[in-house]
Amino acid sequence: QVQLVESGGGLVQPGGSLSLSCAASGSIFSINNMGWYRQAPGKSRELVSAITSGGSTTYADSVKGRFTISRDNIKNTVYLQMNSLRAEDTAVYYCNVLLVKQSGGPQFQYWGQGTLVTVSE
């Protein structure tokens, strides 16, 4: 089995910062891609940011310049540093990983349990 455990969500004032973490564990040979998605009330889930095993990153236009994604390949952990937070960043944030369980095997996708980020006075 593979588990993704997220942490770091909570309440923060507009303009503040918050850091999210997602640690993967279990039957993992290697992790290819890791990313963060979010879903606000009444909205569809959207990709916030993603990072490849080589460190290449992508960001949604709405978070460019404010959020930074990073990963620790030894700890199998992905992070999302969120700065200059706005009310519209309020959402449940989900970690997503694309991994291989054995050498030469197929890729599998897993989701974290989600962590709530609320940006409000």
Side-chain angles (χ1 to χ4, degrees):
Q1 291 184 325
V2 173
Q3 286 191 341
L4 304 182
V5 180
E6 301 180 29
S7 63
L11 295 170
V12 64
Q13 294 184 343
S17 298
L18 206 61
S19 182
L20 306 181
S21 299
C22 175
S25 62
S27 301
I28 302 171
F29 176 76
S30 64
I31 298 178
N32 293 328
N33 299 331
M34 308 184 83
W36 292 94
Y37 291 73
R38 68 185 181 186
Q39 188 164 22
K43 290 187 60 181
S44 300
R45 185 179 301 176
E46 65 172 344
L47 175 65
V48 177
S49 183
I51 184 169
T52 68
S53 60
S56 297
T57 60
T58 60
Y59 296 93
D61 289 340
S62 59
V63 307
K64 284 184 177 178
R66 300 188 298 119
F67 291 9
T68 302
I69 190 170
S70 61
R71 62 189 284 173
D72 186 327
N73 292 328
I74 296 176
K75 296 181 179 180
N76 283 339
T77 300
V78 62
Y79 307 91
L80 186 67
Q81 178 63 48
M82 304 183 291
N83 300 323
S84 302
L85 284 163
R86 306 164 181 168
E88 50 263 44
D89 293 318
T90 297
V92 176
Y93 285 71
Y94 297 92
C95 176
N96 176 271
V97 302
L98 187 65
L99 57 83
V100 175
K101 294 183 178 181
Q102 57 184 202
S103 180
Q107 296 180 111
F108 293 87
Q109 184 172 246
Y110 289 89
W111 292 91
Q113 81 279 9
T115 185
L116 177 63
V117 172
T118 302
V119 185
S120 176
E121 295 288 348

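Using a 4.5 Å cut-off on side-chain heavy atoms (C-beta onward), Gln102 and Ser27 make no contact.
Here ring pair (Phe, Tyr, Trp, His ring centres under 6.0 Å) pairs that include residues 84-121, with residues two or more places apart or in two chains, are Tyr37-Trp111. Residue pairs meeting the ring pair (Phe, Tyr, Trp, His ring centres under 6.0 Å) criterion with at least one partner in residues 54-82, sequence neighbours excluded, do not occur; the list is empty. Among pairs with a residue in residues 1-11, none fulfils side chain to side chain donor-acceptor pair (under 3.5 Å), at least two apart in sequence or across chains. Residue pairs meeting the disulfide bond (SG atoms under 2.5 Å apart) criterion with at least one partner in residues 17-49, sequence neighbours excluded, are Cys22-Cys95. For the disulfide bond (SG atoms under 2.5 Å apart) condition, no pair includes a residue of residues 42-90, sequence neighbours left out.
When all heavy atoms are compared, the tightest approach of Ser49 to Leu80 is CB-CD1, 4.3 Å. Residues Ser84 and Ser17 share a closest heavy-atom pair of N-OG, 4.4 Å. Across all their heavy atoms, Val92 and Leu116 have their closest contact at CG2-CD1, 3.9 Å. Residues Met82 and Val117 share a closest heavy-atom pair of CE-CG2, 3.9 Å.
Partners of Val12 under the side chain to side chain contact (heavy atoms under 4.5 Å, CB included) rule, at least two apart in sequence or in another chain, are Leu85, Val119. Taking the side chain to side chain contact (heavy atoms under 4.5 Å, CB included) definition, one finds that Ile28 meets it with Val2, Ala24, Ile31, Asn76, Leu99, sequence neighbours left out. Residues that satisfy the salt bridge (Lys or Arg N to Asp or Glu O under 4.0 Å) test with Arg66, not counting sequence neighbours, are Asp89. Remark: Glu46 pairs with Arg38 by the salt bridge (Lys or Arg N to Asp or Glu O under 4.0 Å) rule, at least two apart or across chains. In this structure Lys64 satisfies the salt bridge (Lys or Arg N to Asp or Glu O under 4.0 Å) test together with Asp61, sequence neighbours excluded. Residues satisfying the side chain to side chain contact (heavy atoms under 4.5 Å, CB included) criterion with Val100, sequence neighbours excluded, are Phe29, Ser30, Asn32, Gln107.
Here Ile69 contributes atom CD1 and Gln81 contributes atom CD; the two are 12.0 Å apart, rounded to the nearest 0.5 Å. A distance of 8.0 Å separates CG of Asn73 from CD1 of Ile51, quoted to the nearest 0.5 Å. Interatomic distance, CZ of Arg71 versus OG1 of Thr57, reported as 11.5 Å (0.5 Å rounding). Going from atom OG of Ser120 over to atom CD of Gln13 covers 8.5 Å, rounded to the nearest 0.5 Å. Once rounded to the nearest 0.5 Å, the distance linking CG of Leu47 with CG of Asn96 reads 8.5 Å. For the atom pair CG of Asp72 and CE of Met34, the computed distance is 9.5 Å after rounding to the nearest 0.5 Å.
Clustering of Ile, Leu, Val, Met, Phe, Trp and Tyr side chains at separations under 4.5 Å leaves Ile74 isolated, with no partner residue.
Within 6.0 Å of NZ in Lys101 there are more than 12 heavy atoms belonging to other residues, nucleotides or ligands.
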